[in-house]
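Just below is one structure, and these are the notes that go with it.
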2 protein chains.
Amino acid sequence: MPSTATAAPGSDNSAGLVLGQLKDDILTGFFSPGEKLKMTTLKARYQVGVSPLREALSQLLVEQLVVVENQRGFKVHPISQAEMQDIYQTRSHIEALCVVQAIENGDDAWEAGIVAAAHQLKKSASLLEQSEADLHRWEALHQAFHTAIARGCQSPSLLHVRRSLYEKASRYRNLWLKQNMIDGVVFDANQKDHNDLVDAVLARDSDTAERLIKEHLLAPYRALKNFVY
Amino acid sequence: MPSTATAAPGSDNSAGLVLGQLKDDILTGFFSPGEKLKMTTLKARYQVGVSPLREALSQLLVEQLVVVENQRGFKVHPISQAEMQDIYQTRSHIEALCVVQAIENGDDAWEAGIVAAAHQLKKSASLLEQSEADLHRWEALHQAFHTAIARGCQSPSLLHVRRSLYEKASRYRNLWLKQNMIDGVVFDANQKDHNDLVDAVLARDSDTAERLIKEHLLAPYRALKNFVY
DNA sequence: GGAGCCAATAATGTCGACATTTTTAACTTA
DNA sequence: TAAGTTAAAAATGTCGACATTATTGGCTCC
């Protein structure tokens, strides 16, 4: 599975680099949920010592992508039906907050960013193969599109939470894709959702936009929730 | 200033302990906003080596209580009018989400916890001196009261965000108190707010509860926002 | 006198080493 | 054979040391 390339490195030192790689490896499922993360394994994979590794793991601990037990090291955060439901539901509420506030605060540059991102997404969707690389390119554009909308809320703290929840949700999505690659995108490639959302947002129709975005984010959850881990 | 004793240690190793102490020192203003956090200083204060320190700082980095620059070490996260507004506003939205969902999901034990916490808070408020220790005891009960309500939402991810925002907001509150200790509690000791909130919550009146909690959390912001840093 | 340069000092970030704890595996004993 | 015990092996968490980078202070030169 290719990198999600979503993880922004905190700093350009060794710990920051390994943070991005390790996060990617967890989100893409290279390291499985619950898997023990032995230092010898990580040292060999990322070619660094324990210090940068422990710093990166400490950060992933706060983001709840790993768990720790004293003197017993780190594990990948386990997945569960309950957590998946929690993440997706909270994410829909947070995203809705972003959209509503963006509609209140967004300026002309924000609107321009939305139509630009929507255009790119639409073009990408039209020539969408079922290949893994295409799928990941589309997902990047998909996320960029929604970020273009959410960004208008102009609240760093909300956007911070939003990013964290996206990452946690993307792990469930990626794990699912890993097993069901055939009809992979059926559950979120529906272009109509996006057209309707853009219309509501640009019309500054908060209520409609809120309803649409919540539904848009909960639809994949309904598709994934019967996935047996 | 006494410890806020709010920071839950991640694990009982050295890094987990120093995380709690360092977080407290930042939230209470022992280390000032923007202050350089030199390793020699931290080593001397917490009696540990650089490894646990860097792990703790890495976690505070994610929680945005410190900032880092490569090869230039860590600083306490600066404060600003803009961040304060952002934190308090987002916090009011998140807390409202918690309350509304708690009203939907809360059970009998949840209701019992609320009336118990409200009772303790009321008793504490009646014998409230203006001493620093009293003030911190009251604030602990105050937070416990609101947590008793929010807990009913039964969403770990929402409660996680909520805790993080509380901590960030508490720093602004503590910094303000440090300079204005005289009439310290006037802006949030109003018992009527709490009585009304309990009534609305127990009556499962979401709209009223949402309005009350948002107002309750934004009131201190209005009091603090003219505070010149 | 002030700006620019250079050496000396100090600080950061990373590694290997070590003490402590956990895990594994063999061995005893009933 | 299965459970309990003990020794060996492995893994974690922390420290001190070191290379690299940033900062300070003095010196020269204009």
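Every chain is numbered from 1 and lettered A, B, ... according to where its sequence line falls, protein lines coming before strand lines.
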*At under 4.0 Å between heavy atoms, which parts of nucleotides 6-13 of chain C does protein reach? Answer with one letter per nucleotide, 5' to 3': B base, S sugar-phosphate only, - none.*
-----SSS

*Residues in ring-ring contact (aromatic ring centres under 6.0 Å, His included) contact with A:F74, at least two apart in sequence or another chain*: none

_Closer than 4.0 angstrom, basic N to acidic O: yes or no for A:R163 and A:E167?_
yes

*So, B:Y172 and B:E83: side-chain donor and acceptor under 3.5 Å apart, yes or no?*
yes

*Listed partners of A:H146 passing ring-ring contact (aromatic ring centres under 6.0 Å, His included), at least two apart*: A:H142, A:H194, A:H216

_Tell me whether the NZ or CZ atom of A:R91 lies within the 45° cone about the ring axis of A:Y221 and under 6.0 Å from its centre._
no

*For A:L53 and D:dT12, give me the distance from atom CG to atom P, rounded to whole Å.*
10 Å

_Whole-Å gap separating P (D:dT12) and CG (A:L57)_ = 10 Å

